[in-house]
Amino acid sequence: MSSTSVSRLFDIPRHQLKNNPLSDSLTTKVNGEWKRVSTAEFVSESDKFARALIEMGVQPQDKIALISSTNRYEWNVADIGILQAGAVNVPVYPSISREDYAYIFNDCKVKYCFVSDIELYQKVNDIIDKVDSLQEIYIFEEEEGIKNWREVLKLGEDTQHQEEMERRMAGVGKHDLATLIYTSGTTGTPKGVMLSHNNLVSNVLDCQSRIPVVSGVKALSFLPVCHVFERMLTYLYIYNGISIYFAESIDKIGDNIREVKPEIFAAVPRLLEKVYDRIVTKGAELTGIKKSLFFWAVELGEKFDHQKNSGWYNFKLGIARKLIFSKWQEGLGGNVRAIVSGGAALNPRLNRVFSAAGFNIQEGYGLTETSPVIAVNGPDPDRKRIGTVGKPIYNVEVKIADDGEILCKGPNVMLGYYEKPEKTAEVIDEEGWFHTGDIGEMVEGKFLKITDRKKEIFKTSGGKYVAPQIMENKYKESRFVEQIMVVGEGERHPAALIQPDFEFLKSWCERKNIPYTTNEEMVKNEQIMERVMQDIEEKNVGFGKWEQVKKVELTPDVWSVDAGHLTPKLSLKRRNIIKMYRDLYDKIYRE
């Protein structure tokens, strides 16, 4: 099966089966053991799933919801099975509220729902009476008295619907709706992004030249597959004959990386920041010459530049890699050839240090509405610029509007928002350009650089514009800062609400003999406030006087999705945060 015959998403596993069948196509850890599913089993189980859905009365374009708290092979089998039955996969974040579940299920009339575990089953079961279209909930993990997805596979062992499945597959066109992905956004009710088979398949094919790994290697998957970033990469891995190993949980990523020794994985910047923080914390515990060498290597890494490294720099880098950075490599399994970074801006300093350590960080950019990749850095120096998101991928055009907004056109642009033509018209103009809502510029005429979110830029009372995202990214270089939100719309000057890195803060308090009992007590401590402000003032130097943060307030809570601070993509819910900390906001500006 050539790439030209891969036009629908369910063609991709069959492409692997024909060209590069694997014994470990999809691998999940079950009861402490890695359970491997071969390509042949993957395709066979997807067929069973599709036949079962047809037996269960699923019609073309019916909506089937998938919700999983971890990535696992069952999700992928269900995904392909749903598509082969001509139905539409509606992946849903496990962490959203019951109200959002009810809204999404009613909005697109979900017929069946498959969940990973008992906790999610109970969450969906709580709203089943509010969703008339929902006929049944099935669970991946076995629980007594609850319908299990194995029953569905068993039903599909009967081949009476084989011809009907093949007829439906043949009838699916590449521009037909394949999936509805609801974006929570930072405000308003969720919108269903309609992506066709071609939207996602084109993204897989048009990203081919940017990945430095081929068949016979392993990928570790841990970012939520309900998000289009990890999902598109999953299809890309399958297409390229790359074995996918699903991490057990976010907490066990470190252990799983060392076990699996993957060549490639995707990460969000926050995860890379945490990895870096852990490495530096261990470095700070060293003594004498070892400690000096460690921080010499880190400082050397901060000056790394693919284009400008001198011979003398490369000589020193060789020493740093042998003595220090080789241990970083071992900590991530020793085989990593690519780390794809997306979902938010990666701090350039962090990118430099990891690149110096020998990691190929490939930062990219896109949105759910663009399936998702618009641009991504390549693996080699000629196609990579730190601080940018790389060149646009094949077949995707990018232009910068007069007001700085990034516009995109290509086969990756969504069909539209589900049953919301007026919302679709707001973002896709008459010429087919998708308006991303991000502000950017082209570096060297070919590398895309994101500078801010259009809607998040605000104006102070003095009439000066402030772009908070760039500033927040810079301030997060401080070890004390876990999350930060720059505020000040209509006010005299910018300020910031900060969630400290409480783990680091506790260790700092212990070193400085500062007593503490709770987070609440720490955030009110004057000595801590002064130390955090000292870091903010150091980072202020790179910004214009009107942009600089003049005051900060520390919040006692850890910002989270569940508490309403963050979207499932970990973007700041700015209105919510101001509402939650109105007292701290008023303390900054009203006292």
Side-chain angles (χ1 to χ4, degrees), residues 8-10 45-68 74-94 96-117 120-141 143 146-156 158 160-162 164-165 167-169 171-173 176-182 189-197 225-226 231 415 417-420:
R8 290 88 43 95
L9 292 169
F10 51 68
E45 291 205 350
S46 299
D47 285 356
K48 288 178 193 172
F49 200 82
R51 292 194 297 261
L53 292 179
I54 293 168
E55 173 65 22
M56 289 156 60
V58 170
Q59 297 300 314
Q61 293 296 295
D62 275 352
K63 315 301 187 293
I64 313 291
L66 294 183
I67 316 173
S68 184
E74 295 97 331
W75 196 101
N76 294 272
V77 168
D79 174 44
I80 298 300
I82 289 165
L83 299 172
Q84 289 184 174
V88 175
N89 179 355
V90 184
V92 187
Y93 278 100
I96 62 174
S97 68
R98 285 167 173 78
E99 291 73 24
D100 279 343
Y101 278 170
Y103 175 84
I104 290 168
F105 284 28
N106 281 316
D107 188 58
C108 66
K109 297 181 174 55
V110 164
K111 194 165 191 173
Y112 290 104
C113 178
F114 292 82
V115 300
S116 59
D117 52 63
L120 287 171
Y121 175 86
Q122 288 166 345
K123 203 170 172 182
V124 176
N125 199 46
D126 285 348
I127 57 108
I128 196 167
D129 292 341
K130 297 176 184 174
V131 184
D132 292 340
S133 61
L134 185 56
Q135 294 183 15
E136 195 65 67
I137 310 164
Y138 292 87
I139 192 167
F140 290 148
E141 293 173 3
E143 292 286 345
I146 297 175
K147 292 203 171 185
N148 188 285
W149 93 299
R150 287 274 158 209
E151 297 171 37
V152 178
L153 285 183
K154 186 81 178 162
L155 190 66
D158 187 328
Q160 63 171 320
H161 295 301
Q162 180 68 20
E164 172 63 12
M165 181 192 79
R167 188 184 66 76
R168 288 192 189 184
M169 288 170 68
V172 173
D176 287 350
L177 177 63
T179 189
L180 259 182
I181 303 178
Y182 280 81
T189 53
K191 296 192 294 288
V193 175
M194 296 190 292
L195 297 182
S196 68
H197 287 266
V225 76
C226 56
R231 184 168 171 196
L415 300 174
Y417 294 119
Y418 185 68
E419 295 189 345
K420 287 185 168 58

Trp75 and Asn89: CA distance, side-chain angles, deciding distance, side-chain contact (heavy atoms from CB on, under 4.5 Å) verdict
CA-CA 10 Å; Trp75 196 101; Asn89 179 355; 3.6 Å; yes
Using the side-chain contact (heavy atoms from CB on, under 4.5 Å) rule, take Phe10 and His197 through it: C-alpha gap first, then chi angles, then the decisive distance, then the call.
CA-CA 9 Å; Phe10 51 68; His197 287 266; 4.1 Å; yes
Give the C-alpha distance, both sets of side-chain angles, the deciding distance and a yes or no for side-chain contact (heavy atoms from CB on, under 4.5 Å) between Arg8 and Leu83.
CA-CA 9 Å; Arg8 290 88 43 95; Leu83 299 172; over 6 Å; no
Lys123 vs Arg98, side-chain contact (heavy atoms from CB on, under 4.5 Å): CA-CA, chis, key distance, verdict:
CA-CA 7 Å; Lys123 203 170 172 182; Arg98 285 167 173 78; 3.7 Å; yes
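Between Trp149 and Tyr138, the ring centre distance reaches or exceeds 6.0 Å.
The pair Arg167-Glu164 counts as a salt bridge, with a side-chain nitrogen and a carboxylate oxygen less than 4.0 angstrom apart. One finds no salt bridge joining Glu55 and Arg51 here, because no Lys/Arg side-chain nitrogen approaches an Asp/Glu carboxylate oxygen to under 4.0 Å.
From Ile104, atom CD1 reaches atom CD1 of Ile127 across 9.5 Å, with rounding to the nearest 0.5 Å. Atom CD of residue Gln84 and atom CG of residue Asp47 lie 5.0 Å apart, to the nearest 0.5 angstrom. One finds the CG atom of Asp79 at 7.0 Å from the OG1 atom of Thr179 (value rounded to the nearest 0.5 Å). Ile139 CD1 to Glu74 CD: the interatomic distance, rounded to the nearest 0.5 Å, is 11.0 Å. Rounded to the nearest 0.5 Å, atoms CG (Leu415) and CG (Leu177) are 6.5 Å apart. To the nearest 0.5 Å, atoms NZ (Lys147) and CD (Glu136) are separated by 4.5 Å.
In terms of heavy-atom proximity, Leu66 sits nearest to Ala78 at CD2-CB, 3.8 Å. Taking all atoms of both residues into account, the shortest heavy-atom contact from Leu9 to Ala178 is CD1-CB, 4.0 Å. Minimum heavy-atom separation, Ile137 to Val124: CD1-CG1, 3.6 Å. When all heavy atoms of Gly171 and Asp176 are compared, the closest pair comes out as O-OD2, 3.9 Å. For the pair Ile54 and Ala85, the tightest heavy-atom approach, listed with the atom from each and the gap, is CG1-CB, 4.3 Å. Between Tyr93 and Cys226 the shortest heavy-atom distance is CD2-SG, 3.5 Å.
Using a 4.5 Å heavy-atom threshold, the side chains of Met194 and Leu180 count as touching. For the pair Val115/Phe140, no side-chain contact is recorded, criterion being any heavy-atom separation below 4.5 Å from C-beta on. Between Ile181 and Pro91, the closest side-chain pair of non-hydrogen atoms falls below 4.5 Å.
Tyr182 and Asp107 share a donor-acceptor pair across their side chains, judged by distance under 3.5 Å alone.
Using a distance-only test at 3.5 Å, with no hydrogens or angles considered, a donor-acceptor pair links the side chain of Tyr112 to the main chain of Met56. Under the 3.5 Å distance criterion, the side-chain polar atoms of Tyr101 are left unmatched by any main-chain donor or acceptor of Ile128. When atom types are taken as modelled, the side chain of Ser133 and the backbone of Val110 share a donor-acceptor pair closer than 3.5 angstrom. With hydrogens and angles ignored, the 3.5 Å screen pairs no side-chain donor or acceptor of Ser68 with any backbone N or O of Ser116.
Other residues, nucleotides and ligands contribute at most 12 non-hydrogen atoms within 6.0 Å of the NZ atom of Lys130.
Residue Ile67 is tested with Asp117, Val92, Ile96 for a side chain to side chain contact (heavy atoms under 4.5 Å, CB included); the sole match is Val92.
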